[in-house]
Amino acid sequence: MRLFALVALTMCAFAANSILNRIGVALQGMDPMDFATIRTGAGAAMLWVLVMARKAPRPEVFTARRCAGALALAIYMVGFSLAYITLDAGLGALILFGVLQILIFGWAVFEGGRIPLLRWVGAAIALAGLCVLLWPNGDITVPIGGAISMTVAGAAWAAYTLLGRAEADPLGATASNFLLCLPLVAVVMIATGIGGMPAPAIFTAIIAGAITSGLGYALWYRALPALPTTIAGIAQLSVPVIAVTAGVLFLGEPLTPRLIAAGTLVLGGIAVSLIARR
């Protein structure tokens, strides 16, 4: 139950992060790369305050694993931000989580792990539910640049997730990752041009970075060593459902039969996967 609560809290943080990104970029008018840079800086600041306040020894920053984690995080941040300039939000999430599932399951097979049949079935059901939820209405146009950016972002997030399985110090690892990631994201922001920065959007980016990204990612690294690789991938399929449900509750978005059916499929698929684990 403790592990379940930790994973559930982490998925809620990821979903809240998605909502805050939507608010800051779509509603408050901040450029996606500007938002990503402020978000990364706020996450680094929050995490290092916590690292400095604890009694444990300071984490090593410039290790091979931390540098790899920072690079994966930066590629995810940049790819995610650039993709949503041209890509529909629902289709972008489908590409992101589809790529994530393929790579997570592929890596588990590559490592020689035995994946129960029910877990394959559960993943397929959950992914089908995600398609029901996020598949665009009407004619589908897929901008090539946006699709490639989101595919790269999904691959980077899969790498970041896999790297976290071996981290013994979740807080120190995440703090180091964010610190090393910040200059990489800032360089891309400067290269693409700094846009307007409305004060409400800056505040939203700080909240997204300090709380739902920084602390959320640290919680994720805390949970990963106790999770089978494939369960870690399947659990993340709940994030879009939680985000859409929060939109219904807090942003006044409509509750539709499509949302109910999709949520049932996704959560049912995750439940089937957990039954396989038991």
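Numbering starts at 1 and runs along the sequence shown. Reckoned from all heavy atoms, side chains included, excluding hydrogens, waters and symmetry mates.
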Considering only heavy atoms from C-beta outward, does the side chain of [X] approach that of [Y] to under 4.5 Å?
X: Ser238; Y: Met11; answer: yes
X: Ile19; Y: Ile23; answer: yes
X: Leu133; Y: Pro240; answer: yes
X: Cys131; Y: Leu94; answer: yes
X: Leu50; Y: Leu215; answer: yes
X: Tyr76; Y: Val152; answer: no
X: Ile38; Y: Met197; answer: yes
X: Leu162; Y: Ile104; answer: yes

query = What's the verdict on side chain to side chain contact (heavy atoms under 4.5 Å, CB included) for Met30 and Ile202, showing C-alpha distance, side-chain angles and the deciding distance?
reply = CA-CA 8 Å; Met30 180 175 278; Ile202 293 175; 3.6 Å; yes

query = Which residues pass the ring-ring contact (aromatic ring centres under 6.0 Å, His included) test with Phe35, sequence neighbours left out?
reply = none

Please determine whether residues [X] and [Y] belong to a single hydrophobic cluster, defined as Ile, Leu, Val, Met, Phe, Trp and Tyr linked transitively by side-chain heavy-atom distances below 4.5 Å.
X: Phe110; Y: Leu224; answer: yes
X: Leu9; Y: Leu3; answer: no
X: Leu274; Y: Leu237; answer: yes
X: Phe97; Y: Trp157; answer: yes
X: Phe14; Y: Leu20; answer: no

Roughly how far apart are [X] [atom1] and [Y] [atom2], rounded to 0.5 Å?
X: Ser149; Y: Ile95; atom1: OG; atom2: CD1; result: 10.0 Å
X: Ile260; Y: Leu265; atom1: CD1; atom2: CG; result: 12.0 Å
X: Leu73; Y: Ser176; atom1: CG; atom2: OG; result: 12.0 Å
X: Met52; Y: Leu47; atom1: CE; atom2: CG; result: 13.5 Å
X: Leu100; Y: Leu127; atom1: CG; atom2: CG; result: 10.0 Å
X: Ser18; Y: Leu96; atom1: OG; atom2: CG; result: 9.5 Å

key: Positive for side chain to side chain contact (heavy atoms under 4.5 Å, CB included) with Met33, one of Ile194, Ile190, Leu82   = Leu82

query = Applying the side chain to side chain contact (heavy atoms under 4.5 Å, CB included) test to Thr161, which of Tyr221, Trp220, Trp107 qualifies?
reply = Trp220

Between the main-chain N or O of [Y] and the side-chain N or O of [X], is there a donor-acceptor pair closer than 3.5 Å?
X: Arg66; Y: Thr63; result: no
X: Gln101; Y: Gly233; result: yes
X: Asn177; Y: Ala173; result: yes
X: Glu167; Y: Leu163; result: no
X: Arg119; Y: Ile231; result: no
X: Thr192; Y: Met189; result: yes

Nearest atoms (heavy-atom pairs only) where [X] meets [Y]:
X: Ala218; Y: Pro170; answer: O-CB, 3.6 Å
X: Ala235; Y: Val7; answer: CB-CG1, 4.1 Å
X: Ser81; Y: Met77; answer: OG-O, 2.9 Å
X: Leu180; Y: Ala70; answer: CB-CB, 3.3 Å
X: Ala159; Y: Ala72; answer: CB-CB, 4.3 Å
X: Ala153; Y: Gly79; answer: CB-C, 3.9 Å

request  = For residues Trp120 and Phe105, establish whether the separation of their ring centroids is below 6.0 Å.
outcome  = yes

request  = Check the pair Arg22, Leu27 against side chain to side chain contact (heavy atoms under 4.5 Å, CB included), reporting the backbone distance first and the verdict last.
outcome  = CA-CA 7 Å; Arg22 284 170 53 196; Leu27 300 182; over 6 Å; no

query = Is the CZ atom of Arg2 crowded by more than 12 outside heavy atoms at less than 6.0 Å?
reply = no

query = How about Arg165: does its CZ atom have over 12 heavy atoms from other parts shown lying under 6.0 Å from it?
reply = yes

query = Using 4.0 Å as the upper bound for N to carboxylate O, is an ion pair formed by Glu60 and Arg65?
reply = no

ask   = Do any pairs count as a side chain to side chain donor-acceptor pair (under 3.5 Å) and have a residue in residues 32-50, sequence neighbours left out, and if so which ones?
value = Arg39-Ser213, Arg39-Tyr217

